[in-house]
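For reference, the structure discussed in these notes is given below.
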Amino acid sequence: MRTHRPGTRCPRARVALALAAALAWVPGAVHAATLTASDFALSAYASVGSSSLTLDSSSLGGFFNPHECLCPDTITAVVQMTSAGQTDVGSSTIAVSFFLGTDCSNSATSTSCSALGSQVALTTSQAAQATLSGSQVFQSAAGSTTVACGTLTAGSTTLWAFLTQDGKALSFSLSQELPVVTTAVAAPTAVTALPSNHGLLVGWTPPSDTSQVAGYQVLCLPRPVQASTAAYESCGLGSSGSDGTVMTASDETEVCSAEVSATKTSVRLAGLDNGTSYTVAVISIDLSGGVSPLSPQATAMPQPTFGFFDKYQQEGGTASGCALVPHSGRAGLPWIALAAALVVALGCGPRGKSRRGAAAASIRRVLILLLAFSETASAQISLDYRDADWPQSQVQPQPPTLDWGVELGVSLYRPAVDSEFSNCAHPFAETFGSSRHLLSEAEVTRYVYHRFGTWGVGLRGGYYRVTGAAFLADGTRSGDETALSLIPFALSLVYKADQIPGLRQVPLIPYLKAGLDGVVWTASSTGGSPSHTGFTPGWHAAAGVALGLNFLGLGTTNPGALADPCALFFEWDYAAINGLGFDNLLHVGDSTWFAGVTFDL
């Protein structure tokens, strides 16, 4: 009888234990996850022209239509593993068989379905694919190899994917229904055409169902000198046979617009002849590249148009502008650049009058003083902040260390262009209306002195733009757009009363601003007339209040901490930007409010 020494094991037991451990370690050998349909995704794509269209619930509703029947595209079926499937599959081998049919059972031997190629391997890094022609979809839906595309019958077929795991069929399948429709995409309605200079502004109402609309194009007669490229497929439209008197999408020489986005309802045509009457119609382009029937037609004649600046001059406006050359120096000298622009602009006015010469000289002196003040006052004076608002028992605030402030704001602005006229003319209001429009602004302030409050020099810039329809010779509106754009700049002396008693309890900081302004303005029109750009100097004064947000629990308001971390501001601004006494400059000032947020850097 064989005995074993204490502490040893039988060799057979050790081998069995090692084999069991190895089997447990091999991925997928035991405890393999059960695969479900959620581990896989079936998709279909159509190659339409040079693009690929995903055939999903939003596009399948009308894709397989009469046009697709006549001009079939290549369809690609794709099966991929989901993120969960990539984990659950382990080391299993997956294969996919694709079928097309209306009644496929979960079997690769189904006789009621057509196989789409042979079985394809599917891995975590590579999808399984099969291709078919759009014509196969119509044949499967009709149950016949012969399909009359002109007399389609509504129906559907289904794309199937059967999967095997390690050669064994899985208990589920993937499928996607492919519906066949008998109608084309609907045409737009309520088409309008307005004259513009060498063009037309064409508008329309979209069809009630836009789910199948990929875009629009405009056709016109007489044909344009240079036709636009058709964004639709002429396949299936037949020969045009057009002699230029019949409007038809089959004649691509009648296309007079680029493709217009499905979300837009108008387009401005260009390159047409003034004085010639044009008839236009709009077509919808569907997702398969087919077109709708023609929309109702509209007729209009291109003719010269007149923009805002033309009307301004017709009413007696004298502004002509002065060309400004962009400053090419270092970006670190914005104040000097602004001062130079103002001085140059003042020099563009008429000469010979001593009052104007004296005004220009005075402005130059003020600019020099402001610049000198902002550059030399960097040595700040140490202050004693002890007052009744800060008891001696409390830790005294430290002198301010923040030297810069930033302000971001908006305003509803209306430039006082019409204030130039004393003859009851209102070219701005007649062109753009009397409503105010958004002006956005940003200001950077350099705090330079802290005695009796905080003093600084601020540089502000902004942007404003208003648009309206240009005019025809008879005063009616045209299809062209005219616009006035303003780029205002301001150099300001800023005072903030941040050392008043009670500020610690009520964080309201009153402030004042005053300084010089300059506005670069541009009047333009889409009608082809030249744009006019000019520069108008002026001055401004403003009063406002900033509400520190420290009361929200972000900290206490200390002297010198104007917006730490931030504050809301509201100010009333009077801007007399009308030339500083010079004539022949566009009046672009206004009295209005600004509001926004300000914070320290």
*Which distance, rounded to the nearest 0.5 Å, do you find between the NZ of K496 and the OG1 of T454?*
8.5 Å

*Sidechain-backbone polar pair: T431 side chain, P427 backbone, donor-acceptor under 3.5 Å*: yes

_Steps toward side-chain contact (heavy atoms from CB on, under 4.5 Å) verdict (L580, W539)_ = CA-CA 8 Å; L580 292 174; W539 64 274; 3.7 Å; yes

*Have W593 and S411 got a donor and an acceptor in their side chains that come within less than 3.5 Å?*
no

_Flag side-chain contact, heavy atom, 4.5 Å: V213 against I285_ = no

*Candidate pair T189 and V191, rule side-chain contact (heavy atoms from CB on, under 4.5 Å), full reasoning*: CA-CA 6 Å; T189 58; V191 175; over 6 Å; no

*Between S211 and D209, does a side chain to side chain donor-acceptor pair (under 3.5 Å) hold up when you go through it step by step?*
CA-CA 6 Å; S211 62; D209 180 10; 2.8 Å; yes

*asked:* To the closest 0.5 Å, what do you measure between CG (L484) and OG (S525)?
replied: 12.5 Å

*Check the pair W404, F599 against ring-ring contact (aromatic ring centres under 6.0 Å, His included), reporting the backbone distance first and the verdict last.*
CA-CA 9 Å; W404 296 87; F599 48 91; over 10 Å; no

*Shortest non-hydrogen contact between T445 and Y447, atoms and distance*: CG2-CE2, 3.6 Å

*Within 45° of the ring axis of Y216 and under 6.0 Å from its six-membered ring centre, is that where the NZ or CZ of K264 lies?*
no

*Close side-chain approach of V202 and T192, heavy atoms under 4.5 Å*: no

*Evaluate the side-chain proximity of V267 to L269: yes if any heavy-atom separation is below 4.5 Å, no if none is.*
yes

*Step by step, would you call T522 with S485 a side chain to side chain donor-acceptor pair (under 3.5 Å)?*
CA-CA 5 Å; T522 300; S485 300; over 6 Å; no

*Would you indicate whether the side-chain heavy atoms of L53 and Y45 approach each other to under 4.5 Å?*
no

*Go through the steps for E441 and Y463 under the test side chain to side chain donor-acceptor pair (under 3.5 Å), then give the verdict.*
CA-CA 7 Å; E441 60 93 14; Y463 182 75; over 6 Å; no

_With a 3.5 Å distance limit and no angle check, can you tell me whether T482 reaches the backbone of S524 through a side-chain donor-acceptor pair?_
yes

*Under-4.0 Å salt bridge between D590 and R436*: yes

*Value rounded to 0.5 Å, distance of CD in Q217 from OH in Y232*: 6.5 Å

*Counting N and O atoms only, with roles assigned by atom type, does the side chain of T592 sit under 3.5 Å from a partner on the main chain of L412, one being a donor and the other an acceptor?*
yes

*Checking S295 side chain against I283 main chain: does a donor-acceptor pair fall under 3.5 Å?*
no

*Shortest non-hydrogen separation from F569 to L408 and the atoms involved*: CE2-O, 3.6 Å

*asked:* If we ignore hydrogens and angles and just use 3.5 Å, is the side chain of T526 paired with the main-chain N or O of D480 as donor and acceptor?
replied: no

*Using a 4.5 Å cut-off on heavy atoms from C-beta on, say whether the side chain of V520 contacts that of L486.*
no

*H198 side chain to S196 main-chain N or O, any donor-acceptor pair under 3.5 Å?*
no

_Validation row, ring centre F421 to ring centre Y312 under 6.0 Å_ = yes

*May I ask you to test the N578-E420 pair for a side-chain heavy-atom distance under 4.5 Å?*
no

*Check F471 against E430 and note the closest heavy-atom contact, atom names and distance.*
CZ-O, 3.6 Å

*Please tell me if the side chains of N274 and P304 come closer than 4.5 Å, counting only heavy atoms from C-beta onward.*
yes

*Does any N or O in the side chain of D273 come within less than 3.5 Å of the main-chain N or O of T276, such that one atom is a donor and the other an acceptor?*
no

*Is the backbone N or O of S434 less than 3.5 Å from a side-chain atom of R414, with the two atoms forming a donor-acceptor pair by type?*
yes

*Please confirm whether R460 makes a cation-pi placement over F594, using NZ or CZ under 6.0 Å from the six-membered ring centre and within 45° of the ring normal.*
yes

*Counting distance only, does the side-chain N/O of S59 pair as donor-acceptor with the main-chain N or O of T54 below 3.5 Å?*
yes

*Heavy-atom distance under 4.5 Å between the side chains of Y278 and P224, does that happen here?*
no

_Exam field: side chain R268 to backbone L201, donor-acceptor pair closer than 3.5 Å_ = no

*What is the minimum heavy-atom distance between P415 and Y464, and which atoms define it?*
CD-OH, 3.4 Å

*Which heavy-atom pair separates A567 from A546 by the least distance, and what is that distance?*
CB-CB, 4.3 Å

*OG on S43 to CG on D56, rounded to 0.5 Å*: 9.0 Å

_Before you tell me yes or no, could you show the steps for H540 and D517 under side chain to side chain donor-acceptor pair (under 3.5 Å), namely the whole-Å CA-CA distance, both residues' side-chain angles and the distance that decides it to 0.1 Å?_
CA-CA 7 Å; H540 74 276; D517 293 79; 2.6 Å; yes

*asked:* Below 30° counts as parallel, above 60° as perpendicular, anything between as tilted: where do the rings of F308 and F428 land?
replied: perpendicular

*Walk me through it: do E252 and R223 pass the test salt bridge (Lys or Arg N to Asp or Glu O under 4.0 Å)?*
CA-CA 10 Å; E252 296 184 7; R223 297 163 171 159; over 6 Å; no

*asked:* Run the side-chain contact (heavy atoms from CB on, under 4.5 Å) test on H587 and V417 for me, step by step, so that the C-alpha distance in whole Å, both residues' side-chain angles and the decisive distance to 0.1 Å come before the verdict.
replied: CA-CA 5 Å; H587 294 192; V417 175; 5.5 Å; no

*State, to 0.1 Å, how close V280 and V218 come at their nearest heavy-atom pair, and which atoms those are.*
CB-CG1, 4.0 Å

*If you round to the nearest 0.5 Å, how far is OH of Y413 from CG of L438?*
13.0 Å

*Kindly compute the distance separating OG (S257) from CG (L200), expressed to the nearest 0.5 Å.*
11.5 Å

*Mind running side-chain contact (heavy atoms from CB on, under 4.5 Å) on Y449 and Y495 for me, showing each step along the way?*
CA-CA 10 Å; Y449 193 70; Y495 169 72; over 6 Å; no

